[in-house]
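Some notes on the structure that comes next.
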Amino acid sequence: TAGVNYEDIGGLRKEVLRIREMVELPLKHPELFERLGIEAPKGVLVHGPPGCGKTLIAKAVASETDAAFFHISGPEVIHKFYGESEAHLRAIFEKAREQAPSIIFIDEIDAIASKREEVRGDQQVERRVVAQLLALMDGLKERGQVVVIGATNIPNVLDPALRRPGRFDREIAIGVPDRNGRLEVLQVHSRGMPLAEDVNLERLAEITHGFVGA
């Protein structure tokens with residue numbers, strides 16, 4: 001995560017502000033939440049189309065807050081660790097606790113945590129992994145010292161139990177950037193480049209409707 005700053009993210013100002021509020025504050029100032037007597041968010045769900053900056057935002061928050069960053073890929077947990085998926089998850093949460101403050105980023109969380117009632121007989125692993133994930137999130141006692149960020153392109157397939165209070169109870173939608181957002185993205189990417197006279201970023205931003213950062 002070294003080297004990813006908020007300046008490296010174009011076109012997502014509102015979203016960056018919201019995630020800083022939800023993730024950075026509890027990691028940097030857990031005492032604020034203690035004093036107010038409210039729970040710091042344990043889990044934040046980030047959803048939006050592929051390539052729009054979900055992972056980038058999580059990495060930036062980690063490097064800006066000096067938090068340890070643990071990246072888990074949903075599909076990898078299910079397939080690579082068949083039979084040891086739960087142990088793998090437990091180990092990551094354990095490590096995150098030891099190295100707190102830390103951020104656990106679960107990419108494509110829909111692969112592990114889709115609705116349990118729709119899970120077919122051959123998908124018992126997913127069922128166990130969701131249960132394990134929920135148990136681990138419920139077990140995060142230290143306020144604000146470990147924050148779990150889940151990312152998905154398809155939020156409506158997630159197990160509703162994941163979105164209950166005390167789990168992924170804060171959500172941020174990240175959309176496709178508008179013209180100004182695209183201009184910011186182009187400026188970020190061309191920052192260190194010598195550009196020819198005839199390169200007009202404004203014009204490029206105009207004609208790249210529907211394009212995302214990636």
>> Determine whether Ile109 and Ile72 satisfy the following criterion, side-chain contact (heavy atoms from CB on, under 4.5 Å), listing intermediate values before the conclusion.
In response: CA-CA 9 Å; Ile109 191 168; Ile72 305 174; over 6 Å; no
> Roughly how far, to the nearest 0.5 Å, is CD of Gln132 from CD1 of Ile112?
Replying inline: 11.0 Å
> Can you find a heavy atom in the side chain of Phe69 that is under 4.5 Å from one in the side chain of Ile104?
Replying inline: no
> Under 4.5 Å between any side-chain heavy atoms of Phe33 and Pro41, yes or no?
Replying inline: yes
>> When you compare the side chain of Ile9 with that of Glu15, does any pair of heavy atoms fall below 4.5 Å?
In response: no
>> For a 4.5 angstrom cut-off between non-hydrogen side-chain atoms, does Arg90 reach Glu94?
In response: no
> How far does CZ of Phe168 sit from CD1 of Ile149, to the nearest 0.5 angstrom?
Replying inline: 9.0 Å
> With Asn153, which of His47, Glu108, Lys54 fulfils side-chain hydrogen bond (donor to acceptor under 3.5 Å, both in side chains)?
Replying inline: Lys54
> Which atom pair, heavy atoms only, marks the closest approach of Gly175 to Cys52?
Replying inline: O-CB, 3.8 Å
> Do Ile103 and Phe70 have side chains that get closer than 4.5 Å, going by heavy atoms?
Replying inline: no
> Can you find a heavy atom in the side chain of Leu89 that is under 4.5 Å from one in the side chain of Val129?
Replying inline: yes
> Distance from Arg97 atom CZ to Ser102 atom OG, nearest 0.5 Å?
Replying inline: 9.5 Å
>> For the CZ atom of Arg203 and the CD1 atom of Ile207, what is their distance to the nearest 0.5 Å?
In response: 5.0 Å
> Is there side-chain contact between Val46 and Ile57, with heavy atoms separated by less than 4.5 Å?
Replying inline: no
> Quick one: do Val16 and Val176 end up in the same hydrophobic cluster if we chain Ile, Leu, Val, Met, Phe, Trp and Tyr together by side-chain heavy atoms under 4.5 Å apart?
Replying inline: no
>> Please determine whether the number of non-hydrogen atoms from other residues, nucleotides or ligands lying under 6.0 Å from atom CZ of Phe211 exceeds 12.
In response: no
>> Can you give me the closest heavy-atom contact between Asp138 and Lys42, atom names plus distance?
In response: O-NZ, 3.8 Å
> Taking it one step at a time, do Met137 and Phe93 satisfy side-chain contact (heavy atoms from CB on, under 4.5 Å)?
Replying inline: CA-CA 9 Å; Met137 286 188 78; Phe93 270 76; 4.3 Å; yes
> What closest approach, in Å, do Ala111 and Gly74 show between heavy atoms, and which atom pair accounts for it?
Replying inline: CB-C, 3.8 Å
>> Tell me whether the count of non-hydrogen atoms from other residues, nucleotides or ligands lying under 6.0 Å of CZ in Arg179 goes above 12.
In response: yes
>> For the backbone of Glu7 and the side chain of Asn5, can you confirm whether one donor and one acceptor N or O come within less than 3.5 Å of each other?
In response: no
>> Under 4.5 Å between side-chain heavy atoms, counting indirect links through other Ile/Leu/Val/Met/Phe/Trp/Tyr residues: same cluster for Ile172 and Phe105 or not?
In response: yes
> Side-chain heavy atoms under 4.5 angstrom apart, residues restricted to Ile, Leu, Val, Met, Phe, Trp, Tyr: same cluster for Val185 and Leu195?
Replying inline: no
> Does anything in residues 187-200 pair up under side chain to side chain donor-acceptor pair (under 3.5 Å), and if so which pairs, sequence neighbours excluded?
Replying inline: Asp8-Arg191
>> Membership question, hydrophobic clusters at under 4.5 Å side-chain separation (ILVMFWY): are Val147 and Ile174 in the same one?
In response: yes
> Leu27 and Gln145: side-chain contact (heavy atoms from CB on, under 4.5 Å), yes or no, with the steps?
Replying inline: CA-CA 6 Å; Leu27 288 176; Gln145 288 304 286; 5.6 Å; no
> Between Arg163 and Asp169, does a salt bridge (charged side-chain N to carboxylate O under 4.0 Å, His left out) hold up when you go through it step by step?
Replying inline: CA-CA 5 Å; Arg163 298 164 98 164; Asp169 50 6; over 6 Å; no
> How many angstroms lie between CG in Asn180 and CD in Glu202, if you round to the nearest 0.5 Å?
Replying inline: 8.5 Å
>> Before you tell me yes or no, could you show the steps for Arg20 and Glu64 under salt bridge (charged side-chain N to carboxylate O under 4.0 Å, His left out), namely the whole-Å CA-CA distance, both residues' side-chain angles and the distance that decides it to 0.1 Å?
In response: CA-CA 10 Å; Arg20 288 183 72 171; Glu64 295 265 0; 5.7 Å; no
> Roughly how far apart are Arg170 CZ and Glu21 CD, rounded to 0.5 Å?
Replying inline: 9.0 Å
>> Does either side chain, that of Asp110 or that of Thr152, offer a donor lying less than 3.5 Å from an acceptor on the other one?
In response: yes
> Counting only N and O atoms by type, is there a donor-acceptor contact under 3.5 Å from the side chain of Glu184 to the main-chain atoms of Gly10?
Replying inline: no
> Any side-chain heavy-atom pair from Leu45 and Leu158 closer than 4.5 angstrom?
Replying inline: yes
> If you group Ile, Leu, Val, Met, Phe, Trp and Tyr by side-chain heavy-atom gaps below 4.5 Å, do Val212 and Leu56 land in one group?
Replying inline: no
> Hey, are Glu206 and Arg182 close enough for a salt bridge, meaning a charged N less than 4.0 Å from a carboxylate O?
Replying inline: no
